[in-house]
Protein chains: 2
Amino acid sequence: MTAPEGQGDDDAGGHLGAGEAEATIAYKLRLAQILAFRAFEEKLADHGRAPRYLGLLAIIRSHPGQPQSRLAEAVALRRSSLVTILDILAEEGLIERRSSPQDRRSNGIWLTDEGERVVAELLRESRRHDAELTAGLSPQEIETTLHVLDRVIANLRTGEAG
Amino acid sequence: MTAPEGQGDDDAGGHLGAGEAEATIAYKLRLAQILAFRAFEEKLADHGRAPRYLGLLAIIRSHPGQPQSRLAEAVALRRSSLVTILDILAEEGLIERRSSPQDRRSNGIWLTDEGERVVAELLRESRRHDAELTAGLSPQEIETTLHVLDRVIANLRTGEAG
DNA sequence: CCTGAACTGTTCGATGTCGAACAATACGAG
DNA sequence: CTCGTATTGTTCGACATCGAACAGTTCAGG
């Protein structure tokens, strides 16, 4: 019943499907994420690099003063990758590194006032963006999907042996 | 009810959440995709670069002989990115470029016999991987999520003005 | 106190993806 | 046929992310 196109047929219009691989969560997840991320960034191309790192910025807002390593885990990037990112966000005046008094190795990361302002605005945009993504879907379907994604993330994180 | 941690609290254990941004599909989508892709690649680190491009290979298998530009659209990458990828896959002996007789600009892309073999094996692995991702979830929840992701992808693709 | 293991942020080289440009080819309007 | 436009694969420079290495720091055990 769910055969968007005959596999192997040289159909003229529409997009190519992946045959049986298309039935997997991982496959659709990747496709959807690439397209969603791209669309969001293009729509806000005039907002500097903040849109790309909105997820990170939102975490910093909810958890001010956390060390970089903790933030890296939260956004599923590597400590080394976060260095450059925070350099950029600091240069754009959105965040601040304050060296921790308790632990001289680590920095606490904080939003600047400008950062707070930008994040608040971009979060509004992101809600609008999400509404576009999910057009034509019921609130129930969306809620189920959020729940499933939570579980998928949790399943993957328990396997994350440092 | 769904408050994994108090926002703003300096909770000791667990992972940091993104506050209100966490409620969006786009945010969870990105997190889940990064973790899933990474886990799959690490598990199959000894299989060359095929795991990373399994989605592409599966499409080629289902639609042999398609031009590169078509494949690029299907996997949501750019034409220019696909050139290097196909170079690698050709060098590993998994695919073949055959110049089209009808249009001397374009190449048809085909799996080699080795490619067919590798893809078949990796698709088995990917099904196993997907089962791990979705552990603890009901078939209904998974089906709903697949449906939602399909719709999200469709919504994003209609906006893709060339 | 001392010493070694673990953790922090950082640098560096390798690889992946992008956007803008390009030559070759196809094709439609006249 | 002819000319302009669109498309195809490609190259190139910019940027993002990674893994491996590193120095500085913390801390537990002896």
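Per chain, numbering begins at 1; letters A, B, ... match sequence-line order.
A sub-4.0 Å separation between OP1 or OP2 of C/dC18 and a side-chain N or O of A/Arg38 is present. Contact annotation: B/Gln68 side-chain N/O to D/dT7 OP1/OP2 distance is not under 4.0 Å. Within the structure, a side-chain polar atom (N or O) of A/Arg49 is placed less than 4.0 Å from OP1 or OP2 of D/dA16.
For B/Tyr53, the side-chain atoms get nearest to C/dT17 when compared with the rest of C/dT10, D/dT10, C/dT17.
Nucleotide D/dG9 holds its P atom 16 Å from the CD atom of B/Glu96, rounded to whole Å. The CD1-P distance, from A/Ile85 to D/dC18, rounds to 8 Å in whole Å. In this structure, A/Gln102 atom CD and D/dT26 atom P are separated by 11 Å, rounded to whole Å. Distance A/Arg52 CZ to D/dT17 P: 5 Å, rounded to the nearest Å. Rounded to whole Å, atom C1' of D/dT8 lies 13 Å from atom CG of B/Leu86. B/Arg70 places its CZ atom 20 Å from the P atom of D/dA6, with the value rounded to the nearest Å. Distance, A/Leu71 CG to C/dC7 C1': 16 Å, rounded to whole Å. Between the CG atom of B/Asp87 and the P atom of D/dC12 there is a distance of 13 Å, rounded to whole Å.
A salt bridge does not link A/Arg38 with A/Glu41: every distance from a Lys NZ or Arg NE/NH1/NH2 to an Asp or Glu carboxylate oxygen is 4.0 Å or more. Ion pairing between a basic and an acidic side chain is recognised when a charged N comes within 4.0 Å of a carboxylate O; A/Glu114 and A/Arg117 show such pairing. With respect to B/Glu121 and B/Arg124, no salt bridge is recorded, no charged nitrogen being found less than 4.0 Å from a carboxylate O. Taking a cutoff of 4.0 Å between a charged side-chain nitrogen and a carboxylate oxygen, A/Arg127 and B/Glu20 qualify as a salt bridge. Electrostatic pairing of A/Arg78 and A/Glu73 does not count as a salt bridge here, judged by no charged N lying under 4.0 Å from a carboxylate O. Of the charged side-chain nitrogens involved, at least one lies within less than 4.0 Å of a carboxylate oxygen, so that B/Arg98 and B/Glu96 count as a salt-bridged pair.
Across all strands shown, A/Phe37 has no heavy atoms under 4.0 Å from either base or sugar-phosphate atoms. Residue A/Arg104 is in sugar-phosphate contact alone, with no base atom involved, counting any heavy-atom pair closer than 4.0 Å across all strands shown. Counting non-hydrogen atoms under 4.0 angstrom, A/Leu77 reaches the backbone sugars and phosphates but no base. As judged by a 4.0 angstrom heavy-atom cut-off over every strand, A/Ser69 is placed among residues touching the sugar-phosphate backbone only.
Nearest-nucleotide mapping onto DNA chain C: of A/Arg97 and B/Pro101, the residue sitting toward the 5' end is A/Arg97. For B/Thr84 and A/Ser80, each mapped to the nucleotide of DNA chain D holding its nearest heavy atom, the one lying further toward the 5' end belongs to B/Thr84.
Scanning atom types as modelled, no donor and acceptor separated by under 3.5 angstrom connect the side chain of B/Ser81 and the base of C/dG16. Judged by distance alone, with hydrogens and angles left aside, A/Arg78 brings no side-chain donor or acceptor close enough to the base of D/dT17 to form a pair under 3.5 Å. Put simply, the side chain of A/Ser106 and the base of C/dG9 share no donor and acceptor less than 3.5 Å apart.
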